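Structure, as structure tokens:
Computed from a predicted model, the values in this text were never measured in an experiment. Each chain gets a letter, A, B and so on, in the order the sequences are listed, and its residues count up from 1.
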Amino acid sequence: MKVKVLNRNEEDFTRERAQDVKKVHRNYDPALHQFTKAHEYTRALNAAKLERVFAKPFVCALAHSDGITALARNPRKLNSLVAGSADGEIRIWDIPGERALRKLIGHSGAVRGIGFAPDGETCVSAGNDASVKLWKVPYAPFEAGDVCAEQGPVLEFQGKHAFRGVDHHWCRSTFATAGATVELWDHGRSEPIGSFSWGSDSVVSVRFNPAEPDIFASTGIDRAIALYDLRQGTPLRKLVMQTRCNALAWNPMEAFNFTVANEDCNLYSYDMRKLGTATCVHKDFVSAVIDVDYSPTGREFVAGSYDRSVRIFPFNGGHSREIYHTKRMQRIFSVRFSGDGAYVFSGSDDMNVRVWKADASAQLGVTLPREKHKQAYQKALVERYKHLPEIKKVVRHRNVPKPIYKAAKMRRAVQEADKRKLSNRIKHSAPGAVTVKPERKKKIVAEVE
Amino acid sequence: MEAAPTEPPPGDAAQKKRKRPKPDAYLASIGDRKLKGRLRHTENLIAQSSKAAAKIGEWLAPAEAGTLEAEGVEETWQFQQQDIAAAVGAGARSKAFDLVLPELGPYSAAYTRSGRHLVLGGRKGHLAVMEWQRQRLTCEVQVAETTRAVTFLHNELFWAAAQKKYVYIYDKRGLEVHCLRDHTAPAALEFLPHHFLLASVGEAGLLTYQDTSHGAIVAQHRTRLGPCAVMRQNPHNGVLCLGHAAGTVTMWTPNITTPVVKMLCHRGAVTAVAVDPTGHQLVTAGVDCQVKVWDVRTFKPLHAYFANAPATSLDVSQRGMLAVGQGRRLQVWNDALASKARSPYLTHALPTGGVASLRFCPFEDVLGAGAAGGFSSVLVPGAGEPNVDSFLANPYASRKERQEAEVTALMDKLQPETIVLDPDSIGKLLREPSQVAKERRAAEDEANRARRREREETADEKARMKGKNKPSRRQRRKQSNVIEEKRPAMLARMREEEERTRAAAAEEKQKRVEAVPRALQRFAR
């Protein structure tokens, strides 16, 4: 007879002293681990609920003395933000300290655009007073305290007309201004080094391509998006839409793609090489979209609208993943992503720059490795089960202000009626007689070379 | 082992047929390419990680299961307990013992999920909890009341006893902490650890589910099949299997008031039921002296064993050994579920009397047998799972670990709705097959048409006048006509009736008044 009976030594399973590492034995036999699917689903549901419970996106508000009209983030410093207001004052903010480092006094009209030089030590601002000013941006020291000294501009560039926007080149000492024409300036010249115009209408925004140093784009009140090449004297290409675009942002990771914020409540993403059709239409706003800015990751962008809300969209998704609003926040005029993609800044008419978390339920501060692991696990769970109705409902639900809710409802009704009308028309006409333009091409009027 | 096919299959079609469907086969029906790509990626990740986990499992499962091998002409069933005990080490030997308690039996027994603690319940009210491997008594009480079944709750700190009228919950000191009055005359108890549900069934045939985490009654089902004392849970899906006097076995979930499965298993009453840990096989015993093995997935009998006396209790071990108790005789069968075994693996005659309940101890090669005159712990080499999972049911958990495990278990508590026959269906969307959808839509259309036709036929009022043909107006007109026609007549009738009764009352009063002498007429009513 050969016999063996299980007999475990307790010392193999317990530790001798409290300081010793715990002895862990695993057995992945599925017969021991019953209900794994149900447990995982339950955890996913709980994680989805917890995510909504901890969704507290608002971080702080930084007060100005007039409505915020322009925002810019420092390309070299995570903690630095520059905001210009309608009274012509620009403030340099130390975000973690929630304090203004400098007040930049010089503009006599509203500041309409701010652009940072690539070194992160100087910035240019353009305003309604037909001047562009170059400022020194001091470094925010680590010790917090009340610093709010006033400072004047280093250089001034006088233009012929009011400016609507400015953008600095990503690697040279050039910057472009938008106004009656698009003008190119250099730090060393008091006069513009170049000027582009196409038609007689003024241009409202201009942005340099982050990857291709000679390419930049502008949007104008003639409803056009224009592309330019610095090496040529004339604009490259123009796309005319049904309504005008208020702002434009290049995708920093796929620099041939850009997104425009349109007056018709939507945002449109385009491929620079193929302007005949939008790559994606981003819907959800109920009023004109005023500003847009990409996350440094290029996976999502933030947009601010005249309906007093900020939304974050995936770069390829038709609907926003997040909406931020507060009772006191007024029309949004400017939005920016932070340099690490973790925060979102919004400047609005109510004289405040608001700082939001890009991920509403993210935990601030230092997280332990175990916490990190747990959060990653919960995120993966929600991601896996997000298509199931119970979880989808929790994940997608957002409270929106009543005016937005009502307006969205009305827009939906109108859109459905249009759709119904179109389908009826198709039904009652000869096959092929009614051509349906896809949503991505519907708003494009013309493409001009 | 199967022999390799001598010639290749005739064509591609045959090869395709034999291929098993891939786990991501459902992706073919998804139209959205973005979604499809992402889902495929997820499926790949899951497949990879489960493969890796399986590999790690092989490396990290060092312990091997117990064995008993016969040499020469010996058979394993011939070995006596004392032979086995003599052949193993002192540690294992101490696990075989007999508790002789002749006064208060028969005893029912239950182990915790980790197998460290044992609770004994004597029919005459003797309840005891012990750390059986250390031979240490945790608590002992005499409730002086008939006790039919005992079970542990989620850990060793709380345990429940089915007493004469109600179920009582006791703590580790043996103090009564709850009396569950919703369970009347309970005869069998089961605790569902993933759902924190305590289920009982008894004299009234009333199956009661109570949540032990917040105390609410989750469900009460009337089985309508008479008194019931045979109940076991299917550990795979949490479905309760009840054995009834008519020879049927019914399966219950808290969500449906009727049994989800009802199978006729025996001629005569069912005496015991057991489900194997994978949840695929059900073993039933009846008074017709049969022990039958059923496939729970198809609900068909696999094979049957015949005995000279009806088996009174059954249990299946973690590694699939079947224990059968008949009177004082105890048999353990190896490989008896998947295939029909020829002879038992072990036999044993209990010194403590007839078997009342059989339970294999988890993670140990031990079978606990509650008997009429006490309790016996029998060595069954190869019965228990050799490798312990520290995060699942750790027999060596410290106090802190136990507390943490309790919190984790409560956070992961499953809702009663997750008890379904196929637990893998949770977290899946069932898509209606296109053919079925088509049929359903056709039926709906047909019903709508029929209703419309009927309405058209029965419409009594003809719509002639222009502009007065709105459905709402027609309805209103109809209503107003009805009222005007019937109402005045009804009102007149009511008035007439009222007058008549008033006149009759006055006449009556007059008669009464006149009947009394004149001097007293003013007192008349």
Side-chain angles (χ1 to χ4, degrees), chain A residues 1-18 20-47 49-50 280 314-318 374 377-378 380-392, chain B residues 34-35 42 53-54 56-57 60-61 63-71 74 76 79 83-84 87-89 91-92 95 194 235-238 277-279 318 363-365 379 381-382 384-396 398 401 411-415 418 423-424 426-427 429:
Chain A
M1 175 172 75
K2 270 197 219 162
V3 62
K4 187 201 157 209
V5 173
L6 284 183
N7 188 29
R8 296 189 190 86
N9 188 2
E10 190 163 347
E11 282 160 16
D12 298 341
F13 293 85
T14 51
R15 49 186 182 177
E16 222 168 293
R17 294 166 301 168
D20 292 350
V21 179
K22 260 184 199 163
K23 287 172 184 164
V24 171
H25 296 255
R26 297 311 311 261
N27 185 349
Y28 292 105
D29 184 2
L32 288 180
H33 298 263
Q34 301 289 4
F35 291 101
T36 42
K37 205 84 188 264
H39 276 304
E40 201 173 71
Y41 178 75
T42 310
R43 278 186 213 136
L45 184 61
N46 289 343
K49 285 177 182 169
L50 282 178
C280 192
F315 77 109
N316 57 357
K374 170 112 187 174
Y377 176 58
Q378 288 192 333
L381 280 179
V382 174
E383 181 66 25
R384 180 161 189 213
Y385 289 100
K386 69 181 176 189
H387 301 291
L388 293 177
E390 207 178 1
I391 291 175
K392 194 165 152 189
Chain B
K34 246 187 244 174
L35 174 66
T42 326
I56 289 169
L60 297 186
E64 283 174 9
T67 49
L68 176 63
E69 282 172 28
E71 287 165 335
E74 294 171 325
T76 51
F79 298 136
D83 302 338
I84 296 170
V88 298
K95 289 175 186 170
H194 296 275
H236 177 56
N237 53 15
T278 57
Q318 279 178 321
F363 306 108
E364 293 289 347
D365 284 345
L379 289 181
E385 172 62 44
N387 293 299
V388 176
D389 194 321
S390 312
F391 295 120
L392 186 79
N394 190 359
Y396 304 101
S398 65
E401 282 168 337
M411 302 242 288
D412 283 353
K413 189 184 105 172
L414 301 181
Q415 290 306 306
T418 55
D424 290 336
I426 295 162
L429 279 178

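- Counting heavy-atom pairs closer than 4.5 Å to chain A, the top residue among B:Thr418, B:Asp424, B:Leu379, B:Asn237 is B:Asn237.
- Heavy atoms of B:Lys413 lying under 4.5 Å from chain A belong exclusively to its backbone.
- Of the two parts of B:Leu392, only the side chain, counted from C-beta on, holds a non-hydrogen atom closer than 4.5 Å to a non-hydrogen atom of chain A.
- Only the backbone of B:Ala65 comes within less than 4.5 Å of a heavy atom of chain A; no side-chain atom from C-beta onward does.
- Between B:His194 and A:His39, the ring planes are tilted. Angles from 30° to 60° get that label.
- B:Leu68 touches chain A through backbone and side chain together, each having a heavy atom under 4.5 Å away.
- Among residues two or more places apart in sequence or in another chain, the side-chain contact (heavy atoms from CB on, under 4.5 Å) test is passed with B:Glu64 by A:Lys4.
- Only the side chain of A:Lys22 has a heavy atom closer than 4.5 Å to any heavy atom of chain B.
- Put simply, CD on B:Glu385 and CG on A:Asn27 are 4.5 Å apart, with the number rounded to the nearest 0.5 Å.
- Annotation: side chain of B:Thr42 is not in contact with side chain of A:Glu383 (no heavy-atom distance under 4.5 Å).
- The greatest number of non-hydrogen atom pairs below 4.5 Å with chain A, out of B:Val388, B:Val88, B:Thr278, is found for B:Val388.
- How far CG of B:Asn387 is from CZ of A:Arg26: 12.0 Å, rounded to the nearest 0.5 Å.
- The shortest side-chain heavy-atom distance between B:Phe391 and A:Val24 falls under the 4.5 Å cut-off.
- Of the two parts of B:Glu401, only the side chain, counted from C-beta on, holds a non-hydrogen atom closer than 4.5 Å to a non-hydrogen atom of chain A.
- Your options are B:Pro423, B:Ala393, B:Pro386, and the one with the most heavy-atom pairs under 4.5 Å with chain A is B:Pro386.
- Using a 4.5 Å cut-off between heavy atoms, A:Asn9 makes no contact with chain B at all.
- In this structure, A:Asn7 CG and B:Asp365 CG are separated by 9.5 Å, a value rounded to the nearest 0.5 Å.
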- Message: Could you go through A:Arg43 and B:Asp412, starting from their C-alpha distance and side-chain angles, then the distance that decides it, and tell me whether this counts as side-chain contact (heavy atoms from CB on, under 4.5 Å)?
- Response: CA-CA 6 Å; A:Arg43 278 186 213 136; B:Asp412 283 353; 2.8 Å; yes
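- With rounding to the nearest 0.5 angstrom, the OG1 atom of B:Thr67 is 8.0 Å from the NZ atom of A:Lys2.
- Residue B:Ser390 comes nearest to A:Lys23 through the heavy atom pair OG-O, 4.0 Å, listed as atom of the first residue, atom of the second, then distance.
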- Please step through side-chain contact (heavy atoms from CB on, under 4.5 Å) for the pair B:Phe363 and A:Leu6, ending with a clear verdict. CA-CA 8 Å; B:Phe363 306 108; A:Leu6 284 183; 6.0 Å; no
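- Neither the backbone nor the side chain of A:Pro30 has a heavy atom closer than 4.5 Å to any heavy atom of chain B.
- More than 12 heavy atoms of other residues, nucleotides or ligands lie within 6.0 Å of NZ in A:Lys386, so this atom counts as buried by the packing criterion.
- The number of heavy atoms from other shown groups lying within 6.0 Å of NZ (A:Lys374) does not exceed 12.
- Within the 3.5 Å criterion, the main-chain N or O of B:Pro277 finds a donor-acceptor partner in the side chain of A:Gln34.
- B:Asp83 touches chain A through backbone and side chain together, each having a heavy atom under 4.5 Å away.
- Every residue meeting the side-chain contact (heavy atoms from CB on, under 4.5 Å) condition with B:Glu74, not counting sequence neighbours, appears here in chain and number order: A:Met1, B:Ala70, B:Glu71, B:Gln78, B:Phe79.
- Distance check, rounded to the nearest 0.5 Å: OH of A:Tyr385 to CD1 of B:Ile426 gives 9.5 Å.
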